[in-house]
There are 2 protein chains.
Amino acid sequence: MTAAANRIRVALVEDDPPVRAGLRHLIDNSPSCVCVGAFGTGEEALAKIPGLDLDTVLMDIQLPGVSGIECIRRLRKLRPKLAIMMLTVFEDHDRIFQSLAAGASGYLLKQTPPDKLLEAIVELHRGGSPMSMQIARRVVETFQQPASGAEAATGLSPREKEIVAGLARGYLYKEIAAHLGISVETVRTHLHHIYEKLHVRSRTEAVMRVYGRPGAV
Amino acid sequence: MTAAANRIRVALVEDDPPVRAGLRHLIDNSPSCVCVGAFGTGEEALAKIPGLDLDTVLMDIQLPGVSGIECIRRLRKLRPKLAIMMLTVFEDHDRIFQSLAAGASGYLLKQTPPDKLLEAIVELHRGGSPMSMQIARRVVETFQQPASGAEAATGLSPREKEIVAGLARGYLYKEIAAHLGISVETVRTHLHHIYEKLHVRSRTEAVMRVYGRPGAV
DNA sequence: CGCGCAATCCCACAAACGTGCGATCGGCAT
DNA sequence: ATGCCGATCGCACGTTTGTGGGATTGCGCG
């Protein structure tokens, strides 16, 4: 029995053969990991991974046929406990968010140096969510938007933002009014303006616009 | 002009004097950072930080008086470009997301070893969002919830989830009914059940419960 | 088989909400 | 000073929601 028995069992999904071979070589030559599968398409991965004993998958986004994101979605249904990490050159909002929503637990850019990549695999396996620096910041920023960026982004005045916060808590107009020490009529006027600014026609739409999870629904 | 001129200028907000002194010592003895302020309360930090030339702030959550989270909120108003990192023992959902929503760019647990802490300060200063492994996973999981876990988490039936999705889009009952090919009365009945299950009393509350950004509001 | 439960439909009433107006006041910029 | 804008208050009207009943169908589970 060699040390390989205790290594993290990794599979690759990457369409570029040289890159795939390089990653395989890197992983097999590390003390902590072993590559138990390397696939060039999502279809191939989906067909063969269920038969493998493995812990984590490194996934490219841009694949011929089934995209890496769709591949994650299906892999998660087949093997919910699998830890999947994106490894890609893309860092646009949509692809980051869609990958995470599909079930990726980590997101590394391909510029990541080899030693950091191996570290990330270990961290992923230990229950972490390794992300490249740029990705982590993007993720964190989505939480900050309602607090700091909403004003500039939505054009709401401070008072109007307070009103929307009341809406989000499910307060009635009269409750918002009491909370802010103003009359219900004023609340209604503010709402009138808020709806115009946000181009919505109901409290629910307004709240979603300001506090909704990006991409949800 | 010493090397200190190029170091990252850090301030501390931490109420425990020994811990504060230890951190100060750690930072001052690192080649990359220098501690330019150490405060025991949020009030003190808010009063003195505006007069300091600094890049980043390390913030404890539990402070006497103004909480660390409130302190972040106010600091961000005073100095929007400041990079703030939480340094705390708490890893509960509310405190993590309230901190991020308030404007924290990083979140480390106090168990972080000293060398990792210094690395994190550098990464923060370079535009990253260092998070302890546990924190990163919690953050990533919030994006996964709407895709996979919402059903189990809320106890809503598939049909009921469709209804809530309609609410989140701001649809009127009649629009939801048309969209799903059922009558308005049925929509109302479903809503009745949904409100009971989620313990809410309005569409806005229901939508926030299912689609709201965690910690927002 | 009966029981529970999701899903469907119906009614009536009260409360809350959205819309369109008009109006005053203070601050800030032109 | 003139004018714009945010914040405040008011009213009328129609629409939408929330609440509290009642009722049927079909499906799965013990």
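To find a chain, count down the sequence lines: A is the first, B the second, and so on, and within it residues start at 1. Values below: every heavy atom of this structure, side chains too, minus hydrogens, waters and symmetry copies.
- As rounded to whole Å, 13 Å separates atom P of C/dA7 from atom CG of B/L191.
- Which of C/dC9, D/dC9, D/dT16 sits closest to the side chain of B/E185 comes down to C/dC9.
- Rounded to a whole Å, the CD atom of B/E205 is 11 Å from the P atom of C/dC17.
- Ion pair A/E175/A/R169 not flagged as a salt bridge, since none of the NZ, NE, NH1 or NH2 atoms sits closer than 4.0 Å to an Asp/Glu carboxylate oxygen.
- You'll find that the side chain of B/T186 is closest to C/dC9, out of D/dT19, C/dC9, C/dG20.
- Remark: A/Y195 is not in phosphate contact with C/dT19, judged by side-chain N or O atoms under 4.0 Å from OP1 or OP2.
- Pairing each heavy atom of A/D15 with each of A/R20, the nearest pair is O-NH1, 3.6 Å.
- The side chain of B/Y173 places no N or O atom within less than 4.0 Å of a non-bridging phosphate oxygen (OP1 or OP2) of D/dT17.
- Between A/E205 and A/R201 there is no salt bridge, since no side-chain nitrogen of the basic residue lies less than 4.0 Å from a carboxylate oxygen of the acidic one.
- Considering only the side chain of A/K197, D/dG6 comes nearest among D/dG20, C/dA7, D/dG6.
- Distance A/E175 CD to C/dA16 C1': 11 Å, rounded to the nearest Å.
- The side chain of A/P158 lies closest to D/dA7, out of D/dA7, D/dT19, D/dT17.
- Each of D/dT19, C/dA7, D/dT16 was ranked by its minimum atom distance to the side chain of B/R188; first place goes to D/dT19.
- Base engagement by B/H190 is indicated by at least one non-hydrogen atom pair under 4.0 Å involving a base atom.
- Within the nucleic acid shown, B/R201 comes within 4.0 Å of sugar-phosphate atoms alone, with no base atom in reach, counting heavy atoms only.
- The base of D/dC9 lies close enough to the side chain of A/T189 for a donor and an acceptor atom to sit less than 3.5 Å apart.
- The local environment of CD in A/Q62 is sparse, with at most 12 non-hydrogen atoms from other residues, nucleotides or ligands closer than 6.0 Å.
- Ion pairing between B/E123 and B/R126 fails under the 4.0 Å rule for side-chain N and carboxylate O.
- What separates CZ of A/R159 from C1' of C/dC25 is a distance of 15 Å, to the nearest Å.
- Atom NE2 in A/H193 sits about 11 Å away from atom P in D/dC5, given to the nearest Å.
- In this structure, A/E196 atom CD and C/dG20 atom P are separated by 9 Å, rounded to whole Å.
- Here the P atom of nucleotide D/dG10 and the NZ atom of A/K174 are 16 Å apart, to the nearest Å.
- Atom pair A/H192:NE2 and D/dG6:C1' shows a separation of 16 Å (rounding to whole Å applied).
- Distance from the side chain of A/R203 is smallest to C/dC17 among C/dC17, D/dT19, C/dG20.
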